[in-house]
Participant: 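Here it is, the structure in full.
Keep in mind that the numbers below use all heavy atoms, side chains included, and drop hydrogens, waters and symmetry copies. Atoms within each ligand, like the ligands themselves, are counted from 1 in listed order. Counting from 1, the numbers follow the sequence of the chain as shown.
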Amino acid sequence: MGSVTVQVPAHAKLNLSLRVLYKRLDGFHELRTVFQTIALHDSLDIEYARARTTKVELDSNVEIPNNLVVRAADAVLAELGVKAKVRFRLKKRIPLGGGLAGGSTDAAAVLLALPVLAGRPIAPERLAELAASLGSDVPFFLTGGAALGLGRGEELYALPAVPDVPVLLGCPGVPVSTPEAFRALGRRPVTELTSPGDHPRMKEFQLLVEGVVCPRSAGDWMAFCENDFEAAVFPLYPQLAVLRQSLIERGARLARMSGSGSTLFGLFRSEAARDRAARQLAKDHPNVEWIPTRFIDRDRYRASWRRALGVSRSSARATSGRGDRGFGWIA
Ligand code: C5P
């Protein structure tokens with residue numbers, strides 16, 4: 001049977017702000033976050049052919065334990081009831097354990113691409129369920145851009161595009177375990193909706209969202225960006241606090257850790273200011289990988305997906321007649 005090959009992008013995300021409220025009864029933590037996709041991406045080559053028996057193979061330039069790519073492929077094929085030979089070649093550029101959701105975006109890339117390659121859409125609600133079953137950050141990458149994340153991070157509300165800001169990532173190569181970072185926060189389980197300690201966090205988060213949705217002046221929302229993990233992770237890895245301070249001293253308007261770390265990001269007024277800082281920081285901290293990048297809004301994110309999959313906007317919107325909505329995620 002003939003095979004088809006595509007190369008798709010799997011963009012990284014930043015948490016512009018990340019508030020951790022309390023530990024829920026299901027053991028997960030209740031979050032308030034603003035996600036933003038960035039240009040930095042992994043590349044995934046996918047070769048797909050219908051077959052009598054299913055075989056999923058993965059080559060990667062980096063050894064990744066428990067790779068979500070294969071689990072995502074198994075989930076899609078089972079959902080579609082299709083048998084296929086699928087071969088993935090993953091070129092990883094997003095640092096592992098860096099708080100940029102590299103594993104989650106690779107998994108989402110498989111969820112977006114495989115139904116198109118199989119010519120069989122999965123209803124958006126179902127795709128979101130599959131994504132959430134693979135990991136809390138996976139659903140965000142079905143749409144990308146800027147989004148508000150609540151719950152485990154899987155309850156998503158699209159935000160208007162945040163004006164493009166030059167970004168500098170500082171990747172110290174210290175992998176931080178997400179479950180350990182959550183434990184280090186020491187949040188107590190609560191049974192009420194909020195605890196008194198949550199109120200300042202929620203208030204600041206509301207001001208941030210208001211600033212993103214109705215900005216009074218460019219970038220005023222940055223004043224309300226916080227990452228609650230910094231208080232728990234910086235004492236374990238003091239060099240991360242030093243890097244954050246260095247980004248500020250080299251001119252970043254805002255410097256924060258992304259996710260549970262260890263990547264730090266700085267937002268700059270201009271590309272020139274960002275590139276100047278990158279040169280200085282490379283001298284100050286030569287063991288850190290400094291990566292210049294930028295925000296990718298939802299329109300650009302979806303356009304890059306349509307290009308990669310050779311899908312037009314109208315065919316992405318088309319219904320298949322079975323009550324689902326085509327490949328509407330990327331329309
Ligand atoms: O959902 P995901 O597999 O990415 O989560 C990894 C781990 O991080 C979970 O097992 C849990 O320990 C922790 N986590 C959490 N609260 C969240 C998201 C993740 O406690 N909202």
Side-chain angles (χ1 to χ4, degrees), residues 10-37 42 64-76 92 94-112 126-144 147-157 174-195 197-198 201-202 205 208-209 225-233 236-237 256-263:
H11 288 273
K13 60 84 177 151
L14 296 178
N15 298 90
L16 297 181
S17 190
L18 175 51
R19 310 314 301 256
V20 185
L21 300 186
Y22 52 86
K23 194 166 178 189
R24 311 186 323 186
L25 294 176
D26 64 4
F28 282 89
H29 289 74
E30 181 68 24
L31 305 183
R32 298 289 180 271
T33 190
V34 173
F35 289 114
Q36 171 68 57
T37 34
D42 293 341
I64 306 166
N66 192 22
N67 200 308
L68 283 179
V69 165
V70 173
R71 280 173 52 200
D74 288 339
V76 170
K92 269 228 89 68
I94 305 171
L96 302 183
L100 302 174
S104 300
T105 188
D106 295 342
V110 174
L111 297 185
L112 287 171
R126 183 66 191 133
L127 206 58
E129 279 171 15
L130 292 178
S133 73
L134 292 165
S136 303
D137 284 343
V138 181
F140 163 66
F141 291 103
L142 298 177
T143 43
L148 197 57
L150 276 62
R152 284 161 55 202
E154 89 292 19
E155 186 184 332
L156 294 160
Y157 300 89
V174 181
V176 174
S177 145
T178 302
E180 271 172 36
F182 273 108
R183 269 196 296 280
L185 279 171
R187 292 282 192 271
R188 293 160 67 91
V190 293
T191 45
E192 294 165 30
L193 189 57
T194 61
S195 67
D198 292 331
R201 283 191 204 102
M202 287 175 77
F205 191 76
L208 159 65
V209 175
C225 290
E226 300 282 340
N227 183 337
D228 287 332
F229 279 110
E230 290 177 6
V233 174
L236 302 175
Y237 305 97
R256 287 268 161 248
M257 191 169 77
S258 184
S260 54
S262 60
T263 301

Participant: Using a threshold of 4.0 angstrom between heavy atoms of the protein and any atom of ligand 1, which residues qualify?
Facilitator: Gly27, Phe28, His29, Leu31, Gly135, Ser136, Arg152, Thr178, Pro179, Phe182
Participant: Any salt bridge linking Asp26 with Arg152? Criterion: basic side-chain nitrogen under 4.0 Å from a carboxylate oxygen.
Facilitator: no
Participant: Taking only residues two or more places apart in sequence, or in another chain, which ones meet Arg183 in a salt bridge (Lys or Arg N to Asp or Glu O under 4.0 Å)?
Facilitator: none
Participant: Sort out for me which residue in Glu30, His29, Arg187 forms a side-chain contact (heavy atoms from CB on, under 4.5 Å) with Leu21.
Facilitator: Glu30
Participant: Glu154: what forms a side-chain hydrogen bond (donor to acceptor under 3.5 Å, both in side chains) with it, not counting sequence neighbours?
Facilitator: none
Participant: I'd like to check the salt bridge (Lys or Arg N to Asp or Glu O under 4.0 Å) partners of Arg126; sequence neighbours left out, ordered by chain and number.
Facilitator: Glu79, Glu129
Participant: Might you point out which heavy atoms bring Phe141 and Asp137 nearest each other, and give the distance in Å?
Facilitator: CD1-O, 3.3 Å
